Amino acid sequence: MSVPKSVALPGGAQIPAVGCGTWTVWQAAPGAVRDAIKAAIAEGYRHVDCAWVYGNEQEVGEAIEAKIKDGTVARSDLFITTKLWDTAHRRGAVTEQLKKALARLRLDYVDLYLIHWPTSFKEGDIDFPKDDNDKHIFEFHDIQDTWKGMEDAKDAGLTKNIGISNFNSKQVQRVIDGARIKPCNIQIEVNPLFSNARLIDFCQERELTVTAYAPFGSPNRPWKKSDDPVLFEQPILKDIAAAKGKSPAQVCLRFLLQRGLVVIPKSVTPSRLKENFQLYDFELSEAEMKQMFSLNRDHRVYGQEITLDHPEYPFSIPF
Ligand code: NAP
């Protein structure tokens, strides 16, 4: 099965199907994200995923500026995504935070702006406000109002496209029901151990394109438990990779591309950046796709710890 190198957004723009993730908070040394994005753009990546809360928009901006200055790319060649953080969900705060993000990124606009999470924290300069009992301090904002702020940002030309991330089906529908401009993309966790199939179907039926984050199940996440399944050690995956002469990482990414998803693997390692971008010289058969689907354990690695104590948006809603 052939897969396109980009996915059309409902408004007509194209989102490159393989992007470069940048969430590295605990792992990367200063300058590592800048160097990785420079290496990624030199390798051919044209899509970069970052976020206010990753604290690395500055480095991503430096890398983009360097690669534009050295003539490798023009701004219009790139597709840059960033995300609104939970402390700026008031309608008027959305554009305020995006303007600050653009200053950090040294850009006039982003290609895609996403609401990072449906949950809202207390507005202010502290990204994770907590009370004396070490509990997150939430603040209520109707996601339909936050979405109006996203529409304002698009109207102002600060972002070409707007979307959401980590929303469940109920929240997706609520945004759509109140929208003047419908969300064109949702970014959610998807990897062979967490197929997220019901939510993907739900979103695609409503014309949202879907970006799969943590395509490898974020193997070096600091909160990994000793009994968590390890994706790269699954025999089915290792066997398919060996048969194809590809790495397990490449097979995971190809599996997700053949599901019609956009992927944003993260690496700060030049050889892995290269590997993760070489996905178009092989394909998985129907039988191999079925085998890959059989790896699903509904094993989610992101999000529970923030949202479980939230009164309004329990993450336990099944999809
Ligand atoms: P991931 O991409 O599943 O895994 C990244 C890890 O895999 C890194 O430790 C990386 O190591 C390693 N790796 C990369 N390529 C590899 C390869 N070819 N072989 C072996 N190991 C490899 O996890 P993620 O970073 O959590 O997710 C990807 C991106 O999605 C993030 O960076 C972020 O941009 C986005 N994201 C979004 C959300 C959201 O809430 N919207 C949540 C999570 C992630 P090295 O870097 O050391 O090479």
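Ligands are counted one by one from 1 in listed order, and the atoms in each one are counted from 1 as well. Note that the structure is predicted; figures quoted are calculated from it, not measured.
The residue from S247, A214, S271 that puts a heavy atom closest to atom 27 (O) of ligand 1 is A214.
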Please report, to 0.1 Å, the donor-acceptor pairs under 3.5 Å made by any side chain of residues 225-234, with sequence neighbours excluded.
residue, atom, partner, partner atom, Å
D228, OD2, R221, NH2, 2.8
D228, OD2, K225, N, 2.9
Q234, NE2, V230, O, 3.0

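Remark: E139 does not engage R90 in a salt bridge, criterion side-chain N to carboxylate O under 4.0 Å. Contact check on R180 versus D155 returns a salt bridge, with a Lys/Arg side-chain nitrogen under 4.0 Å from an Asp/Glu carboxylate oxygen. Between K130 and D134, at least one side-chain nitrogen of the basic residue sits less than 4.0 Å from a carboxylate oxygen of the acidic one, meeting the salt-bridge criterion. A salt bridge links D142 and R174; the closest N-O separation between the charged side-chain nitrogens and carboxylate oxygens is under 4.0 Å.
Ligand 1 lies less than 4.0 angstrom from a heavy atom belonging to K83. Heavy atoms of P219 come nearer than 4.0 angstrom to ligand 1 in at least one pair.
Of all atoms in ligand 1, numbered sequentially from 1 with element shown, those under 4.0 Å from a heavy atom of T269 are 45 (P), 47 (O), 48 (O). In the vicinity of N166, heavy-atom distances shorter than 4.0 Å reach the ligand 1 atoms 39 (C), 40 (O), 41 (N).
Of all the heavy atoms of S165, the ones lying under 4.0 Å from any atom of ligand 1 belong exclusively to the side chain. Counting heavy atoms closer than 4.0 Å to ligand 1, residue A249 contributes side-chain atoms (C-beta onward) but none from N, CA, C or O. When heavy-atom distances to ligand 1 are checked against a 4.0 Å cut-off, L114 has no atom that comes that close, whether in backbone or side chain. Residue contacts with ligand 1 for E275 involve side-chain atoms from C-beta outward but no N, CA, C or O (heavy atoms, distance under 4.0 Å).
Checked against V110 for a side-chain contact (heavy atoms from CB on, under 4.5 Å), the options L78, L98, V48, T81 give a single hit: L98.
Geometric assessment of R75 against the ring of Y109 yields a positive cation-pi assignment under the 6.0 Å and 45° thresholds.
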